[in-house]
> 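After the structure tokens below, expect a handful of questions from me.
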Protein chains: 2
Amino acid sequence: MPPVETKPLRAGSAAKRSAILLAARDLFMTEGFERTSVDAVAAAAGVSKRTIYDYFGDKSTILLRVVESAAASLLASVTEAADEELGPVSEAPETLEASLIRFVARISDTTMGSDAYSSLRRLVSTEAAHLPVLRDQWDTREPETLLAEYFTTFERIGLLRLAKPLTAADHFGALTFRLLQDEADAPKARRHEIVADGVQAFLRAYRP
Amino acid sequence: MPPVETKPLRAGSAAKRSAILLAARDLFMTEGFERTSVDAVAAAAGVSKRTIYDYFGDKSTILLRVVESAAASLLASVTEAADEELGPVSEAPETLEASLIRFVARISDTTMGSDAYSSLRRLVSTEAAHLPVLRDQWDTREPETLLAEYFTTFERIGLLRLAKPLTAADHFGALTFRLLQDEADAPKARRHEIVADGVQAFLRAYRP
DNA sequence: GCTTAACTACACTGCACGGTGTAGTTTACT
DNA sequence: AGTAAACTACACCGTGCAGTGTAGTTAAGC
């Protein structure tokens with residue numbers, strides 16, 4: 001459990017804090033939280049274990065901070081990709097498919113890529129039984145809400161027909177990101193095929 | 001790792017073996033593999049830890065057997081539901097939607113329900129890094145292949161239009177089971193809505 | 001240069017736990 | 001009843017590891 005507030009923690013150096021969180025994130029994703037020792041995080045971050053305890057107090061708190069940071073990073077990534085790929089979509093229907101494909105590809109190819117997202121999702125799901133606040137941090141629905149807003153705009157200019165924008169956003173995510181995550185190790189051509197198939201199915205389902 | 005074959009294992013009693021696997025399955029799903037002790041499995045199964053080691057040799061082997069058993073159970077469940085709900089589908093398009101909804105609901109409401117499937121999937125995903133054979137046992141693609149065969153039949157009688165049957169099966173699973181798993185704790189009415197929305201989107205995407 | 005906070009490198013503690021051995025008890029079969 | 005396999009209940013061992021304390025070193029600020 002997170003430390004009682006009476007335990008003094010140190011703010012310390014931003015660079016070291018960042019190194020710890022990055023190292024922890026990588027190890028938690030590849031090894032799982034339980035199988036990752038704090039010693040291993042310390043070694044990977046290039047700091048002493050004593051420092052980690054001085055900064056975070058205990059192991060669970062490291063996980064909380066990792067997930068907080070990842071959720072914020074994901075939202076920023078989705079927001080940027082949407083603004084740049086979906087924002088300029090014009091009234092010409094033939095550009096929507098290409099924009100949606102680029103939107104998915106862009107997110108999948110960033111630091112917060114498909115396998116990273118999939119691993120983090122799994123981590124939250126596994127550990128939420130013991131740290132329920134993790135789920136709150138992760139399942140904000142902010143990315144889906146943002147996407148639903150764009151879809152609503154597309155409906156207004158006649159490109160989509162929606163009954164429930166948020167459901168459409170969920171379906172879009174299921175047809176693209178989710179299936180992509182299942183084949184995170186696939187070659188680039190296969191991954192492009194998955195995205196294209198998913199976007200096309202979505203458009204057939206939601207075109208006027 | 002699984003025990004070297006020189007270690008003598010005992011077949012023992014089918015009832016005790018079953019009790020061990022059931023207890024292990026429940027605990028692995030709720031607590032995770034790493035956080036579940038063999039002592040806890042023994043207590044939940046009502047056998048001695050010595051017996052567990054006599055039957056299985058080590059902890060990883062328990063996990064292998066649990067996943068084997070679960071994958072077989074899932075396939076049986078999907079096969080039965082498909083045979084009974086999709087098998088009798090006639091040429092009248094209006095019955096297809098209802099059949100697909102019943103097919104999903106039936107699987108989701110069985111022992112191998114949405115939350116159990118989701119937990120097992122997560123377990124395999126987490127542990128496969130250390131026991132790669134787990135993934136082989138789980139990702140057989142047999143349920144998807146079976147579903148794709150039914151979809152191919154529906155195409156022949158004019159109910160669907162497919163380019164790639166297996167991709168359509170993936171899309172169907174993504175739009176229904178996957179989204180249902182995300183809201184495993186939702187009330188029954190919400191779960192029914194998720195299934196109906198997903199089936200309808202699928203049909204819009206794949207109807208001729 | 002001096003002071004102090006930050007940090008490292010170790011050692012240590014207590015506990016959990018995978019796995020093993022063994023003696024006594026129970027069960028099944030002849 | 002006798003025999004042997006199956007099982008239980010414990011104790012034990014070695015290892016890993018979360019978390020803590022402490023002395024020495026380093027870095028930053030005045």
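Each chain gets a letter, A, B and so on, in the order its sequence line appears, and its residues count up from 1.
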> Round to the nearest Å and state the distance from Lys49(A) atom NZ to dT13(C) atom C1'.
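In whole Å, dT13(C) C1' lies 11 Å from Lys49(A) NZ.
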> Checking Arg106(B) against Glu85(B) for the salt bridge (Lys or Arg N to Asp or Glu O under 4.0 Å) test, could you report, in this order, the C-alpha distance in whole Å, the side-chain angles of both residues, the deciding distance, and whether it holds?
CA-CA 9 Å; Arg106(B) 184 171 168 157; Glu85(B) 300 297 342; 3.3 Å; yes
> Let me know the distance between CZ of Arg50(B) and C1' of dC12(D), rounded to the nearest Å.
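The answer, rounded to whole Å, is 12 Å.
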> Tell me the interatomic distance from Glu34(A), atom CD, to dA18(D), atom C1', rounded to whole angstroms.
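Nearest whole value for this atom pair: 11 Å.
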> Go through the steps to decide whether Asp182(A) and Arg121(B) satisfy the test salt bridge (Lys or Arg N to Asp or Glu O under 4.0 Å), and finish with yes or no.
CA-CA 11 Å; Asp182(A) 286 348; Arg121(B) 183 186 181 88; 2.8 Å; yes
> Distance check: side-chain N/O of Thr51(B) vs OP1/OP2 of dC7(D), anything under 4.0 Å?
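So the side chain of Thr51(B) is outside the cut-off, no N or O lying under 4.0 Å from OP1 or OP2 of dC7(D).
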> Between C1' on dT8(D) and NZ on Lys16(B), what's the gap in Å once rounded to a whole number?
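The distance from NZ of Lys16(B) to C1' of dT8(D) comes to 9 Å, rounded to the nearest Å.
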> Regarding Glu34(B) and Lys59(B), does a basic nitrogen lie under 4.0 Å from an acidic carboxylate oxygen?
no
> Figure out the CG/C1' separation between Asp39(B) and dC12(D), and round it to whole Å.
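So the two atoms are 13 Å apart, to the nearest Å.
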> Looking at Tyr55(A), does any N or O in its side chain come under 4.0 Å of the phosphate oxygens OP1/OP2 on dA6(C)?
no
> Scan Ser37(B) against the nucleic acid and name what it touches under 4.0 Å (heavy atoms): base, sugar-phosphate only, or nothing.
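The answer is sugar-phosphate, as Ser37(B) gets under 4.0 Å only of primed atoms, P, OP1 or OP2.
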> Separation of Ile62(A) atom CD1 from dG19(D) atom P, in whole Å?
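From Ile62(A) CD1 to dG19(D) P: 8 Å.
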> Can you tell whether the side chains of Arg141(A) and Asp170(A) come within less than 4.0 Å, N to carboxylate O?
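So Arg141(A) pairs with Asp170(A) through a salt bridge.
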> Let me know, please, whether Val47(B) or Thr36(A) comes out on the 5' side of the other along DNA chain D by nearest nucleotide.
Val47(B)
> Under 4.0 Å from OP1 or OP2 of dG19(D): is there any side-chain N or O of Tyr53(A) that close?
yes
> Would you compute the distance between atom OH of Tyr150(B) and atom OG1 of Thr145(B) and round it to the nearest 0.5 angstrom?
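That separation rounds to 13.5 Å.
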> Starting at atom CZ of Arg10(B), determine the distance to atom C1' of dC7(D), rounded to an integer number of angstrom.
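Between C1' of dC7(D) and CZ of Arg10(B): 6 Å.
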> Could you please name the option among dG18(C), dA18(D), dC7(D) that lies closest to any side-chain atom of Ser13(B)?
dC7(D)
> Take the protein atom NZ of Lys59(A) and the nucleotide atom P of dT20(D), then report the distance between them rounded to whole Å.
14 Å
